[in-house]
Amino acid sequence: MSRKFNIAIDIDGVLRDVVYTAVRLYNEAFAEKTGKTISRADVTEYNFRNSMPELEDPVRWIFDENMHSVLHNSPAFSGIKEALQMLKPFCNITILSKQPSKLAQEYTTHWLWWHGIGDLADEICMFCDHKRNHTSRYDIVVDDYPENFRGMRDDQMAVLISAPYNLAFEEVDKLLEDWMGGPSG
């Protein structure tokens, strides 16, 4: 029998659609006041700042003030459970995500099992302060944050989940240049 691949998969933005829930909550809170709504496509940066101008600190508002709604109630991306089931015979699956607090870890653990994803993982790690420092043990890393691919070995595969908030990420061109010898385009 051949060796299984070791794959690390991020949660937020890869398995769980936190942007959908954040946008819904933002519109519920501010649409009447501002007279406009935003969509997923309007979230064009990783920290939500330009997308949610009424908020001084959108990340804190989303992941602290609205933690339960965002981490507990966000939907799983369509087909993600089925994709993991297909990978399972060929991969040791690690769910690798930094969750900022014990409560966030509890909500996320519940979410993983509620969506039938937790039992597909061989390992779940939510304590890594800097995920990119832990990716060297994996053959494949699936993430929506390009910075987490920095420092990967040449024999590893990085899978960047495309989203409006990471397409303009200033490091993407640099990372592609480092890996492929030329800018994206």
Side-chain angles (χ1 to χ4, degrees), residues 4-31 37-43 46-48 51-52 55 57-132 134-135 137-146 148-149 158-166:
K4 284 186 166 187
F5 289 101
N6 293 314
I7 185 170
I9 303 173
D10 183 39
I11 298 173
D12 296 320
V14 177
L15 302 176
R16 174 170 55 191
D17 192 353
V18 295
V19 174
Y20 168 85
T21 305
V23 165
R24 180 182 55 77
L25 292 170
Y26 178 83
N27 287 335
E28 288 172 5
F30 296 102
T37 60
I38 64 170
S39 70
R40 274 183 118 266
D42 295 323
V43 179
Y46 204 75
N47 64 12
F48 296 83
S51 311
M52 300 179 169
L55 298 172
D57 186 348
V59 172
R60 189 174 83 50
W61 184 82
I62 294 166
F63 292 105
D64 287 346
E65 294 177 34
N66 290 290
M67 181 191 307
H68 181 268
S69 292
V70 173
L71 299 185
H72 194 264
N73 297 324
S74 289
F77 281 102
S78 177
I80 200 66
K81 180 181 175 184
E82 295 79 8
L84 292 174
Q85 288 170 328
M86 290 173 56
L87 287 171
K88 187 72 178 151
F90 310 103
C91 297
N92 295 311
I93 299 172
T94 298
I95 296 176
L96 182 65
S97 176
K98 178 185 176 189
Q99 295 297 311
S101 68
K102 185 175 186 212
L103 186 57
Q105 292 165 6
E106 289 174 13
Y107 286 150
T108 298
T109 300
H110 181 266
W111 183 93
L112 288 167
W113 262 267
W114 179 258
H115 289 280
I117 295 170
D119 58 343
L120 295 171
D122 295 291
E123 177 182 34
I124 299 172
C125 180
M126 292 187 264
F127 301 102
C128 297
D129 285 338
H130 300 284
K131 283 193 296 184
R132 68 178 176 223
H134 300 275
T135 58
R137 64 184 267 216
Y138 303 102
D139 301 303
I140 305 165
V141 177
V142 182
D143 208 318
D144 65 326
Y145 186 50
N148 287 330
F149 301 131
V159 178
L160 178 64
I161 300 300
S162 179
Y165 57 83
N166 68 15

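A search for side chain to side chain donor-acceptor pair (under 3.5 Å) contacts involving Asp42 returns Ser39, not counting sequence neighbours. Listed by chain and number, the residues in a ring pair (Phe, Tyr, Trp, His ring centres under 6.0 Å) with Phe30 are Tyr26 (sequence neighbours excluded). Trp111 meets the side chain to side chain donor-acceptor pair (under 3.5 Å) test with His115; sequence neighbours excluded. Partners of Pro75 under the side-chain contact (heavy atoms from CB on, under 4.5 Å) rule, at least two apart in sequence or in another chain, are Asp17, Tyr20, Thr21. Partners of Ser69 according to the side-chain contact (heavy atoms from CB on, under 4.5 Å) rule, which considers only residues two or more places apart in sequence or in another chain, are Leu25, Asn73. When the side-chain contact (heavy atoms from CB on, under 4.5 Å) test is applied to Trp114, the partners found at least two apart in sequence or on another chain are His110. Asp139 is linked by a salt bridge (Lys or Arg N to Asp or Glu O under 4.0 Å) to Arg3, counting only residues two or more places apart in sequence or in another chain.
The salt bridge (charged side-chain N to carboxylate O under 4.0 Å, His left out) contacts involving residues 62-74 comprise Arg60-Glu65, where partners must be two or more places apart or lie in separate chains. Within the structure, the salt bridge (charged side-chain N to carboxylate O under 4.0 Å, His left out) test picks out the following pairs touching residues 18-27 (sequence neighbours left out): Arg24-Glu28.
Proximity of a side-chain donor or acceptor of Asn27 to a complementary backbone N or O of Ile38 within less than 3.5 Å is detected.
The heavy-atom pair separating Leu15 from Ile117 by the smallest distance is CD1-CG2, 4.2 Å.
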Side-chain polar contacts of residues 82-95 - donor-acceptor pairs under 3.5 angstrom, sequence neighbours left out - could you list them?
unit_1	atom_1	unit_2	atom_2	d
Lys88	NZ	Leu120	O	3.2
Lys88	NZ	Asp122	OD1	2.8
Lys88	NZ	Asp122	OD2	3.1
Asn92	ND2	Asn6	OD1	2.9
Thr94	OG1	Glu123	OE1	3.1

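Proximity of Tyr46 to Val59: side-chain heavy atoms (C-beta onward) are nowhere separated by under 4.5 Å.
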